[in-house]
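For the single chain, residues carry numbers from 1 onward in sequence order.
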Amino acid sequence: TKMETFKIEGKIFERMQKALGVNFTRKTASEFGTIAVNFSKERFIKKDWKNQVSEKWKARKRKDRGSLMTRTGRLKRSIHKISSGDNYVIIGTDVPYAKIHNEGGKIQKTIYVSAYTRKKTKAKSVNLRTRKASRKRVDTGQSIKVKSHVRKMNLHLPKRQFLGRSRALEIRLQRHLKKEILKTLNNL
C-alpha cells in the first residue's frame, strides 16, 4: 500500500542548525513532527482544513450515521511521524483509503458480494394521515438468504483534507520554535 505523507522541511531547519547546533535541531524536528501529527488529528475533531482560513468539510448526506470520517477511528489513529532528520520531518498514514479522503475524487469499481443471510424487517408503524411507513424498522424474526452477486460502485467522495501544507501549521511551528530558542538562550 502507498503511504499518504506530508514533509516539513526548509529554511527554518537550516537557520536553526547554524544558530543553535545539530542536537537542538534534531530535538526540535522531532517536536515539529509531534505538533504536525496533532494538527492533523485536530482536523478530525474540528471537521475542517485550516490554511489561511478555515474551510469546513462538506457535511455527510445522512446525518444519522455518526461523526464524519470517524466510524472506527482507524484513519485518525494511523497518522504518525514516519521519519525525521536534521532538516525534515515526514508525517503520514498507511491506511489505503487516506488519499481519496484527503484529496477527494471518484471511485468506480465492480465488487463481488458473497452470499449472506439478513434479518427480515418491517416498518415500525404507518402514519395514518399520510399513509407512509415509518423509517424505523422492526425485526420480524424471519431471515432472508441473499445470493452472491456483483455490485457496481460509483462514488464521489468530497475533499476532506487532513494532511498537507498549511499556513496555520507553519505559524504554530514558528511560535514553538521561537519559544524553544528563547528557552535555550535563557539557559546559556
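- At a threshold of 4.0 Å, the pair K50-E42 does not count as salt-bridged, since none of the basic side-chain nitrogens sits closer than that to a carboxylate oxygen.
- The structure places CZ of R60 at 12.5 Å from NZ of K58, a figure rounded to the nearest 0.5 Å.
- With contacts defined as side-chain heavy-atom distances shorter than 4.5 Å, the pair K145/T117 qualifies.
- Taking both residues in full, the closest heavy atoms of I35 and H176 are given as CD1-CG, 3.4 Å, listed atom of the first, atom of the second, then distance.
- Hydrophobic clustering places Y97 together with L157 (ILVMFWY residues linked when any side-chain heavy atoms are closer than 4.5 Å, directly or through intermediates).
- Considering only heavy atoms from C-beta on, H80 stays 4.5 Å or farther from I91 through its side chain.
- One finds the CG atom of N154 at 4.5 Å from the CD atom of Q108 (value rounded to the nearest 0.5 Å).
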W49/S54 under side chain to side chain contact (heavy atoms under 4.5 Å, CB included): CA gap, chis, key distance, verdict: CA-CA 6 Å; W49 177 246; S54 179; over 6 Å; no

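- Atoms CD and OG1, on Q142 and T121 in that order, are 11.0 Å from each other to the nearest 0.5 Å.
- Hydrophobic clustering, defined by side-chain heavy atoms of Ile, Leu, Val, Met, Phe, Trp and Tyr closer than 4.5 Å, groups V146 together with V113, Y116.
- Of all heavy-atom pairs spanning A98 and L75, the tightest one is CB-CD1, 3.6 Å.
- Ionic pairing of R160 and E103 is not present here: no N-O contact between side-chain nitrogen and carboxylate oxygen is shorter than 4.0 angstrom.
- Using modelled atom types, one finds no donor on one side chain facing an acceptor on the other under 3.5 Å when comparing S40 with K76.
- Both L155 and I111 are members of a single hydrophobic cluster when ILVMFWY side chains are connected at heavy-atom separations under 4.5 Å.
- Judged purely by atom type and a 3.5 angstrom limit, N51 uses its side chain to pair as donor or acceptor with the backbone of R167.
- The aromatic ring centroids of F44 and W57 lie less than 6.0 Å from each other.
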R151 vs T110, side chain to side chain contact (heavy atoms under 4.5 Å, CB included): CA-CA, chis, key distance, verdict: CA-CA 6 Å; R151 180 180 199 161; T110 303; over 6 Å; no

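- A distance of 11.0 Å separates CG in N38 from CZ in R43, rounded to the nearest 0.5 Å.
- L163 contributes atom CG, which lies 12.5 Å from atom NZ of K99 (distance to the nearest 0.5 angstrom).
- Checking Q161 against N102 by side-chain atom types alone, no donor-acceptor pair falls below 3.5 Å.
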Worked check of side-chain hydrogen bond (donor to acceptor under 3.5 Å, both in side chains) between S30 and K81: CA-CA 8 Å; S30 179; K81 184 172 53 173; 2.8 Å; yes

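- Side chain of H149 to backbone of K147: a donor-acceptor contact under 3.5 angstrom is found.
- Put simply, CD on E55 and NZ on K159 are 7.0 Å apart, with the number rounded to the nearest 0.5 Å.
- Counting heavy atoms from C-beta outward, F32 and S84 have side chains that stay 4.5 Å or more apart.
- There is a path of hydrophobic side-chain contacts, each under 4.5 Å, that joins V95 to I107.
- Taking both residues in full, the closest heavy atoms of V89 and G33 are given as CG1-CA, 3.4 Å, listed atom of the first, atom of the second, then distance.
- Judged as a salt bridge (charged side-chain N to carboxylate O under 4.0 Å, His left out), and not counting sequence neighbours, R77 has no contacts.
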